[in-house]
Amino acid sequence: MKKENRSHILLRYAVIIGLIFLFAGAVVYHSLDNTVLSAPKWNEKAMQELSRVVSIPPDRGNILANNGSILATNLCFYNIRIDYRSERFLEGRYLVAVDSLADSLAKYFPIRDKAGWKKRLMKPMEKDKKHRPRAYKLLGNISDTQYQLLRTFPFFNIPNRNKNGLTREPVMRRVNPYGAMARRSIGGVGIDSVTGETHGISGLERALDSLLYGVPGVAKKVPLTKDIVNWTDVPPVNGYSIKTTIDINMQDIVENTLNDVLTACDADWGVAVLMEVATGNIKAISNLEKNRAGTEYIEGMNRAVLGYEPGSVVKTLSMMIALEDGIVTNVDQVIPTGRAFAYAGGRPITDSHACDAMPVREVIERSSNIGMAKIITSRYGDNPGAFYTRLKRLGFLDPMNTGIAGERPPRIDSVASNRGGRIALSRMCYGYSTEIPPLYTLSIYNAIANGGVYVRPRLVQELIGNDGVDSVLPVAHMGNGRACSSKTAEQMRMMLTQVVWGDHGTGKMLRNDKVRIAGKTGTCYMIEGGGYNTSKKRLAFCGFFPAEKPQYSCIVLTCHPRQNFFGAASTSGTVLKNVALKMYSRGMLDNSSDFHSDALADPGTPTLFATTRDHIELLRESFAIPRVKHYAASPAHDGVPSVVGYSLRDALNRLEKAGAEVTFTGTGYVTAQTPPPGHRPVYGTRVHLTLAQ
């Protein structure tokens with residue numbers, strides 16, 4: 001028996017020893033194969049891996065407002081995944097917690113209801129364990145704050161992630177903290193389908209992509225003890241951060257004001273650009289168009305740099321050249337205009353408000369097509385091409401390089417010295433037969449406001465490198481730096497001021513007693529089907545304010561209004577006027593935004609106002625204030641809202657939000673308003689408030 005057991009044991013040992021020898025032989029063989037027989041193949045693979053170069057993407061620079069506020073930046077978001085085959089995944093605990101987990105997800109991530117979340121959470125559990133996903137996507141693009149909240153949910157609050165399978169995948173995204181504000185000008189980014197790199201596709205992101213993107217780094221594969229890893233050979237150079245000229249407060253004013261007018265007149269689209277006179281800094285730029293899926297207006301195509309027939313706003317350029325070139329030497333000279341002007345056999349030129357004659361200084365005020373055409377053709381009629389040369393010498397046809405992607409120069413044909421060229425010249429001088437981007441038109445008005453100094457409009461003022469050193473870009477100029485002499489600029493400012501304040505001005509409705517506005521209206525029919533559609537107009541107003549000491553210039557275009565307002569002054573001009581008034585009310589025009597300068601020398605004993613009887617008694621007894629009156633707010637009305645009983649600040653806020661223009665007399669609470677509550681229409685109505693003395 002013992003002998004038999006010994007035989008069995010020895011046999012087992014022999015089998016085990018044989019297996020050990022076989023295993024050892026296999027190890028020796030494979031070692032020999034890898035190191036000697038197949039060494040060239042493995043060395044080739046190793047060299048391929050070690051010679052592979054990996055590009056390290058740089059951090060894209062930020063886009064900043066003029067005060068350093070971030071308009072576009074990179075933020076890290078996360079894709080959340082679950083590994084259902086993690087080594088210690090607590091399946092039983094997961095099944096117990098799935099209802100409460102679905103409830104939490106439905107509450108804080110309401111892209112699905114509770115039932116939908118439970119279905120998604122249970123779907124991987126329907127498979128056999130070895131076939132369950134290792135990277136099941138649960139959520140995409142959530143912030144770190146949201147991720148930390150997710151970690152407090154049932155089951156996900158287990159500290160050991162190997163037990164709950166929760167993983168996060170970082171994703172860099174370009175975000176705009178101010179939402180749609182100036183979005184078209186700021187632009188957007190996209191991923192190149194070939195390189196996988198993120199580059200700008202519109203706006204500043206595209207125009208300045210080479211600066212924002214930076215320089216990629218280079219990493220090589222390096223063998224370490226346990227792995228082959230990426231080793232940075234050349235570190236990436238992060239992109240410049242770009243400080244723009246945008247003022248977020250002015251941008252907010254311009255966008256909201258433009259939106260209000262477009263809504264009131266039901267226009268197709270509108271564009272507004274606000275620029276600082278002395279520097280050419282674009283402080284605000286808004287491009288709004290009607291949302292095809294609704295009635296509201298959204299950021300649309302950047303039309304500020306696209307060419308359009310400008311209409312009568314270009315008469316200012318023509319008159320400036322006429323004064324500068326000596327075509328006009330006396331602005332009081334009377335020129336005959338009549339009812340029509342047939343030039344070079346073309347269709348007669350007419351005026352909407354014709355008169356027999358007018359002094360030259362009233363050509364801009366009355367917006368006379370005939371007067372402008374007669375002045376320009378008197379010099380350039382025999383050589384129309386010289387007018388093009390004059391514009392080119394001015395620098396008006398040069399690229400602006402503002403930093404806005406898609407920028408186009410004006411299209412002004414070099415007309416031939418024949419009958420067709422003469423006819424084209426007679427139309428070009430008052431705004432037809434040419435295409436000029438609004439920003440180019442604004443640059444001329446800005447130069448006039450700036451004493452003739454022709455600064456280049458710009459959207460970028462500083463480049464901030466990785467070392468934090470700012471490179472301030474100097475103010476640049478168009479052409480030789482002057483659009484005209486200071487004397488010509490002064491004469492042009494007088495003419496443009498008369499457009500609003502003159503007896504025959506086309507912009508008389510823009511007068512106000514706070515900010516004097518100077519500028520020019522412009523109306524142009526839209527081209528459709530190869531001809532002009534007289535039922536559709538593009539309305540423009542370009543000017544500057546305050547007229548006596550210009551600080552800001554502005555151009556506004558409104559396309560095809562359908563209701564309430566149909567004139568250039570009542571649409572585009574109203575946008576400029578309301579922007580100026582709102583800036584004045586906020587003290588942005590070097591003015592005091594309080595009423596201290598208007599205070600009486602001896603205001604006497606003040607009268608306080610209270611809205612409840614208890615408040616009256618409190619003021620009289622506890623604070624010994626004798627003069628207390630009771631005013632209660634009136635009930636709401638359709639049309640102009642009632643503000644009787646409101647403080648001045650609250651009344652202004654309510655009425656301006658409704659679209660009304662407000663004037664007032666007195667101090668204290670509102671005791672009366674004209675027109676009365678309920679008056680229609682609301683938008684553009686001037687409401688006068690009487691305050692208790």
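What you see is a predicted model, and the numbers here were worked out from it, not measured in a lab.
At distances below 3.5 Å, not a single donor-acceptor pair connects side-chain atoms of Arg586 with backbone N or O atoms of Met588. Between the Asp351 side chain and the Ser368 main chain, no donor and acceptor come within less than 3.5 Å of each other. Counting only distance, with no hydrogens or angles, the side chain of Lys290 and the backbone of Glu296 share no donor-acceptor pair below 3.5 Å. Side chain of Asn291 to backbone of Tyr297: no donor-acceptor contact under 3.5 angstrom is found. Gln333 places no side-chain N or O within donor-acceptor distance of the main-chain N or O of Val360, the cut-off being under 3.5 Å. In this structure a side-chain-to-backbone donor-acceptor pair under 3.5 Å is present from Asp247 to Asn249.
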For Thr506 and Thr521, run side-chain hydrogen bond (donor to acceptor under 3.5 Å, both in side chains): C-alpha distance rounded to whole Å, both residues' side-chain angles, the deciding distance at 0.1 Å, then the answer. CA-CA 7 Å; Thr506 56; Thr521 55; 2.7 Å; yes
I would like to know whether Ser312 and Tyr430 meet side-chain hydrogen bond (donor to acceptor under 3.5 Å, both in side chains); could you show each step before the answer? CA-CA 5 Å; Ser312 293; Tyr430 63 83; over 6 Å; no
Criterion side chain to side chain contact (heavy atoms under 4.5 Å, CB included) on Asn533 and Ile527, from CA distance to verdict: CA-CA 6 Å; Asn533 184 341; Ile527 298 176; over 6 Å; no
Check step by step if side chain to side chain contact (heavy atoms under 4.5 Å, CB included) holds for Lys315 and Cys429. CA-CA 6 Å; Lys315 290 173 184 171; Cys429 67; over 6 Å; no
With side chain to side chain contact (heavy atoms under 4.5 Å, CB included) as the test, would you mind laying out the steps for Ile375 and Met319 before giving the verdict? CA-CA 8 Å; Ile375 290 171; Met319 181 61 80; 3.9 Å; yes
Take Glu661 and Lys577 through the test salt bridge (Lys or Arg N to Asp or Glu O under 4.0 Å) and record every step on the way to the result. CA-CA 11 Å; Glu661 299 179 20; Lys577 171 188 172 182; 3.0 Å; yes
What do the steps show when you test Thr571 against Phe541 for side chain to side chain contact (heavy atoms under 4.5 Å, CB included), and what is the final call? CA-CA 9 Å; Thr571 55; Phe541 190 90; over 6 Å; no
Evaluation steps, side-chain hydrogen bond (donor to acceptor under 3.5 Å, both in side chains), between Asn256 and Asp252: CA-CA 6 Å; Asn256 286 321; Asp252 182 62; 3.0 Å; yes
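Ring planes of Tyr532 and Tyr432: perpendicular class, angle over 60° (limits at 30 and 60°).
Closest non-hydrogen pair, Thr441 versus Pro310, comes out as OG1-CB, 4.5 Å. Nearest heavy atom pair, residue Ile282 against residue Ile285, reads CG2-CB, 4.1 Å. Between Leu439 and Thr402, the shortest heavy-atom contact is CD2-CG2, 3.7 Å. Closest approach of His504 to Glu365, counting heavy atoms only: N-OE2, 2.8 Å. Nearest heavy atoms, Ala518 versus Ala547: CB-CB, 3.9 Å. Nearest heavy-atom pair across Ala660 and Val687 is CB-CG2, 3.9 Å.
Residues Arg511 and Val500 meet the side-chain proximity criterion, which asks for heavy atoms closer than 4.5 Å. Counting heavy atoms from C-beta on, the side chains of Val640 and Leu655 come closer than 4.5 Å. By the 4.5 Å heavy-atom criterion applied to side chains, Glu309 and Arg538 are counted as neighbours. For the pair Met583/Ile253, a side-chain contact is recorded, criterion being any heavy-atom separation below 4.5 Å from C-beta on. For the pair Glu276 and Thr279, the minimum side-chain heavy-atom distance is below 4.5 Å. Between Thr663 and Arg686, some side-chain heavy-atom pair lies under the 4.5 Å cut-off. At least one side-chain heavy atom of Gln251 sits under 4.5 Å from a side-chain heavy atom of Ser286. The closest side-chain heavy-atom distance from Phe396 to Leu317 is below 4.5 Å.
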May I have the list of side-chain donor-acceptor pairs in residues 561-570 shorter than 3.5 Å, sequence neighbours left out?
unit_1	atom_1	unit_2	atom_2	d
Arg562	NH1	Asp266	O	3.0
Arg562	NH1	Asp268	OD1	2.8
Arg562	NH2	Asp268	OD1	2.5
Gln563	NE2	Ala264	O	3.2
Asn564	ND2	Ala264	O	2.7
Ser570	OG	Gly567	N	3.2
Ser570	OG	Gly567	O	3.2

Would you list the atom pairs, donor with acceptor, under 3.5 Å between side chains in residues 549-560 and any protein atom, with sequence neighbours excluded?
unit_1	atom_1	unit_2	atom_2	d
Gln551	NE2	Leu589	O	3.2
Ser553	OG	Asn446	OD1	2.7
Thr558	OG1	Ser572	OG	2.9

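For Glu490, the CD atom counts as loosely surrounded, since its 6.0 Å shell holds 12 or fewer non-hydrogen atoms of other residues, nucleotides or ligands. Other residues, nucleotides and ligands contribute over 12 non-hydrogen atoms within 6.0 Å of the CZ atom of Arg379.
Remark: Glu435 does not engage Arg408 in a salt bridge, criterion side-chain N to carboxylate O under 4.0 Å.
Atoms OG and CE, from Ser535 and Met526 in turn, are 9.5 Å apart once rounded to the nearest 0.5 Å. Separation of atoms CG (Leu397) and OH (Tyr440) is listed at 8.0 Å; rounding is to 0.5 Å. To the nearest 0.5 Å, the span separating OG1 on Thr434 from OH on Tyr388 amounts to 10.5 Å. A distance of 14.5 Å separates CH2 of Trp501 from CG of Leu496, quoted to the nearest 0.5 Å. Summarising the geometry, atom CE belonging to Met428 is positioned 8.5 Å from atom OG belonging to Ser318; distances are rounded to the nearest 0.5 Å. In this structure, Phe341 CZ and Ile349 CD1 are separated by 6.0 Å, a value rounded to the nearest 0.5 Å.
Note on residues 320-332: pairs passing side chain to side chain donor-acceptor pair (under 3.5 Å), not counting sequence neighbours, are Glu324-Ser485, Glu324-Thr488, Asp325-Tyr380, Asp325-Arg390, Asp332-Arg361.
Under the side chain to side chain contact (heavy atoms under 4.5 Å, CB included) rule, Tyr445 has a single partner from Lys520, Arg493, Met275, which is Lys520.
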